[in-house]
Asker: 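Below is a structure I'd like to ask you about.
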Amino acid sequence: MNDTAGLDFIRQIIADDNASGKHDGRVCTRFPPEPNGYLHIGHAKAVCLNFGIALENSGQCFLRFDDTNPLKEEQHFADAIERDVHWLGFDWEDRLTHASDYYQQFYDCAVKLIEAGKAFVDEQTADEIRATRGTLTEPGKNSPYRDRPVADNLDLFKRMRAGEFPDGVYLLRAKIDMASPNMNMRDPAIYRIRHASHQRTGDEWPIYPMYDFAHPISDALEGITHSLCTLEFEDHRPLYDWVLDNLDLPYRPRQIEFSRLNVAYMITSKRKLAELIEQGQVGGWDDPRMPTIAGLRRRGYPPAALRDFCERVGVTKKDHLIEMALLENCVRENLNEHAPRAMAVLNPLKLVLTNYPADQTELMTAANHPNRPELGKRDLPFSGELWIERDDFMEDAPKKFFRLKPGGEVRLRNAYIVRCDEVVKSDSGEVTELRCSYDPDTRSGLPGASRKVKGTIHWVSAPHAISAPVRLYDRLFTIPRPDMDKDGRDFKEFLNPESLQEKTDAQLEPALADAMAGDVFQFERVGYFVVDQEHSQPGAPVFNRVVTLRDSWAKQEKAALQALEK
RNA sequence: UGGGGUGUAGCCAAGUGGUAAGGCAGCGGGUUUUGAUCCCGUCAUUCGCAGGUUCGAAUCCUGCCACCCCAGCCA
């Protein structure tokens with residue numbers, strides 16, 4: 001019986017339960033978001049875990065909206081959550097539920113508890129309750145209403161439900177133990193009066209159950225076998241079990257906690273993200289720099305890469321901080337496989353071929369993917385006037401610089417080898433044009449093409465190029481944990497001023513004009529770029545950089561620079 | 001200083017008394033018309049620390065240390 005080897009601790013528990021027949025071999029999970037905001041990368045881990053486990057075990061997973069607090073919830077959040085879970089690649093089929101579907105059952109359960117003498121109606125104020133709860137080291141005090149007769153409790157609770165009392169004057173509490181070292185067991189609130197219109201049940205209910213009461217019951221009613229949640233609910237488990245122990249429900253779910261996902265240079269606090277939006281630091285919840293699913297989608301991260309990431313980070317109870325490099329590796333790995341190649345120049349520098357016939361145009365053939373011939377080829381117009389990347393030319397180049405330098409040769413990808421004969425500068429000394437000669441025998445595909453030069457650079461034909469806005473995105477913050485500063489500095493002090501850089505004069509190969517929103521390309525030697533879903537028009541794409549290519553040259557240069565500083 | 005958790009490489013993570021998997025990052029090399037991809041190699045004499053048990057300990061015991069969570073009528 002060594003078949004649990006290598007599984008994470010939750011999957012081991014499930015495998016053991018399956019082996020012992022604990023739930024008749026049934027596996028049922030749920031992803032239970034409150035519809036009070038947008039899903040983010042941390043939720044993605046929970047989605048992948050819950051739906052993934054169900055899939056692996058031929059089980060089922062519910063998408064359940066935990067809508068027990070109408071003050072914070074909105075239908076459009078629920079709609080966005082459904083869209084995001086689907087986009088991540090998961091399907092709940094007919095298992096879309098709401099805590100609010102069970103309001104009557106919750107109420108009936110509460111009545112049962114009251115009848116059993118296990119719950120009472122308190123009429124202390126919120127302040128009084130807080131004051132008598134005790135502290136971490138001191139026990140609390142019993143409410144003066146704790147021993148109210150069952151009949152009175154029943155009467156009051158029914159009148160609470162009937163809407164006879166204003167908010168806050170009565171509260172249904174579980175009767176557990178005010179001296180418990182676990183604060184959650186000190187007669188926790190289970191039902192409060194809230195005269196608020198609910199997005200689904202309208203004004204039907206003036207009272208709403210608390211999470212700690214509603215959650216275990218919802219789980220039990222749905223036949224959830226393993227109720228997975230994050231570590232901060234560990235202290236709630238005794239209460240979760242207490243509710244199940246004291247009610248007669250059809251199933252007995254088990255709560256298991258795992259550590260929430262933390263990714264370096266990202267924050268997931270709803271309040272803080274909202275602050276960035278309010279201040280205009282980012283464009284909205286779907287800004288490509290946001291850690292929201294909507295943001296990641298618009299950034300061009302493939303859902304499969306996100307799933308891969310969630311799998312690779314593992315499931316444990318340790319606090320952790322995942323490096324961004326792992327996420328980016330997952331994205332690159334996916335995109336390298338799937339993204340067709342294209343040529344685009346972000347910082348154009350004019351290159352003129354002095355010996356190329358004037359007004360001549362040739363069609364060069366370029367593979368759409370170097371390792372996947374089945375993805376086909378395309379034609380690239382070539383002429384005597386080209387754009388190349390400014391970084392691909394250096395006047396005083398170091399030995400290891402493989403690109404263009406005065407008098408040097410370089411291969412134009414999919415085209416000819418060219419030599420730099422003359423550097424034209426403006427009055428201010430800025431390089432404005434390179435005058436080069438090409439070697440006609442070295443055209444790609446010709447026998448002369450076998451001549452080797454050290455470098456290959458990308459280009460686009462100036463008369464044929466299209467121009468498109470290109471946005472270069474980078475991490476939103478400059479430090480790994482902007483929200484955990486030791487000196488208490490505000491997270492906004494660590495905003496990366498270079499998280500967005502807009503290129504307005506990028507020159508792209510003409511075929512890119514027809515790119516569709518959501519399409520992702522590798523701009524060769526530059527990075528992966530997605531056609532923005534919001535701002536692109538047919539025939540007028542706007543590109544977002546998903547992630548750069550790995551760049552060992554840049555790394556070398558950076559290292560050399562750092563060595564120089566020392 | 002109450003209760004609940006967690007400590008294995010730079011970052012994750014397996015390991016369940018028999019001699020430290022794997023991934024990411026890093027480093028070195030090879031292939032390459034992308035300084036990409038791909039390929040090869042390298043990367044913990046030691047598991048928070050200190051004792052103990054044992055032929056044998058990351059795994060068991062004792063003590064200590066560090067970090068995280070909890071005092072909403074939020075979830």
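Every chain is numbered from 1, with letters handed out A, B, ... down the list of sequences. The structure presented is a predicted model; accordingly, all values stated were derived computationally and were not measured.
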Asker: Among residues at least two apart in sequence or on other chains, which ones pass side chain to side chain donor-acceptor pair (under 3.5 Å) with A:Arg173?
Answerer: A:Asp122
Asker: Counting distance alone, no hydrogens or angles: does the base of B:rU33 have a donor or acceptor under 3.5 Å from a partner atom on the side chain of A:Arg411?
Answerer: yes
Asker: Considering only atom P, compute the distance from B:rC60 to B:rG23 and round it to an integer number of Å.
Answerer: 27 Å
Asker: In terms of side-chain heavy atoms of A:Asp66, which of B:rU34, B:rA14, B:rA75 is nearest?
Answerer: B:rA75
Asker: Only counting residues at least two apart or in another chain, list the ones meeting side chain to side chain donor-acceptor pair (under 3.5 Å) with A:Lys317.
Answerer: A:Glu234
Asker: Among A:Tyr208, A:Phe120, A:Phe157, whose ring pair (Phe, Tyr, Trp, His ring centres under 6.0 Å) with A:Tyr191 holds?
Answerer: A:Phe157
Asker: Please list, in numerical order, the residues of residues 230-242 of chain A that have a heavy atom closer than 4.0 Å to any atom of RNA chain B.
Answerer: A:Glu232, A:Phe233, A:Glu234, A:Asp235, A:His236
Asker: Provide a list of protein-nucleic acid N or O atom pairs under 3.5 angstrom, restricted to nucleotides 57-60 of chain B.
Answerer:
none

Asker: Honestly, is A:Arg161 close enough over A:Trp205, meaning NZ or CZ under 6.0 Å from the six-membered ring centre and within 45° of the axis?
Answerer: yes
Asker: Quote, to the nearest angstrom, the C1' distance that separates B:rA44 from B:rA36.
Answerer: 32 Å
Asker: Give the dot-bracket string for RNA chain B, reading 5' to 3', where a pair is Watson-Crick or G-U wobble with both distances under 3.5 Å, ( ) marks pairs inside the strand, [ ] marks pairs crossing earlier ones, | marks a partner on another strand, and . marks unpaired.
Answerer: .(((((((.[[[..)..(...]]].(((((.......))))).....[[[[[..)....]]]]])))))).....
Asker: Would you mind telling me which residue lines up with the more 5' stretch of RNA chain B, A:Lys454 or A:Leu136, judged by nearest nucleotide?
Answerer: A:Leu136
Asker: When the distance from CZ of A:Arg130 to P of B:rC73 is rounded to whole Å, what number comes out?
Answerer: 7 Å
Asker: Assuming nearest nucleotide by heavy-atom distance, tell me which of A:Met484 and A:Ile193 is located more 5' along RNA chain B.
Answerer: A:Met484
Asker: What's A:Gly6 touching, base or sugar-phosphate or nothing? Going by heavy atoms closer than 4.0 Å.
Answerer: sugar-phosphate
Asker: For A:Lys317, which contact category applies under a 4.0 Å heavy-atom criterion: base, sugar-phosphate, or nothing?
Answerer: sugar-phosphate
Asker: Check the geometry between A:Tyr211 and B:rA75 and answer yes if their rings are stacked (centres below 5.5 Å, planes below 30°), otherwise no.
Answerer: no
Asker: Between A:Phe543 and A:Phe523, does the ring centroid distance fall short of 6.0 Å?
Answerer: yes
Asker: Find out whether A:Glu34 and A:Asn69 are in side-chain contact, i.e. whether some heavy atom of one side chain is under 4.5 Å from a heavy atom of the other.
Answerer: yes
Asker: Take atom CE of A:Met178 and atom C1' of B:rA71, then tell me their distance rounded to the nearest Å.
Answerer: 10 Å
Asker: Side-chain donor or acceptor of A:Gln522 under 3.5 Å from a matching atom on the base of B:rU37?
Answerer: no
Asker: Answer yes or no: side-chain N or O of A:Thr456 and base N or O of B:rU34 forming a donor-acceptor pair under 3.5 Å.
Answerer: no
Asker: With a 3.5 Å cut-off and just heavy-atom distances, do the side chain of A:Glu337 and the base of B:rU37 make a donor-acceptor pair?
Answerer: no
Asker: Mark up nucleotides 19-25 of chain B, 5' to 3', with B wherever a protein heavy atom is under 4.0 angstrom from a base atom, S wherever such an atom reaches only the sugar-phosphate, and - elsewhere.
Answerer: ----SSS
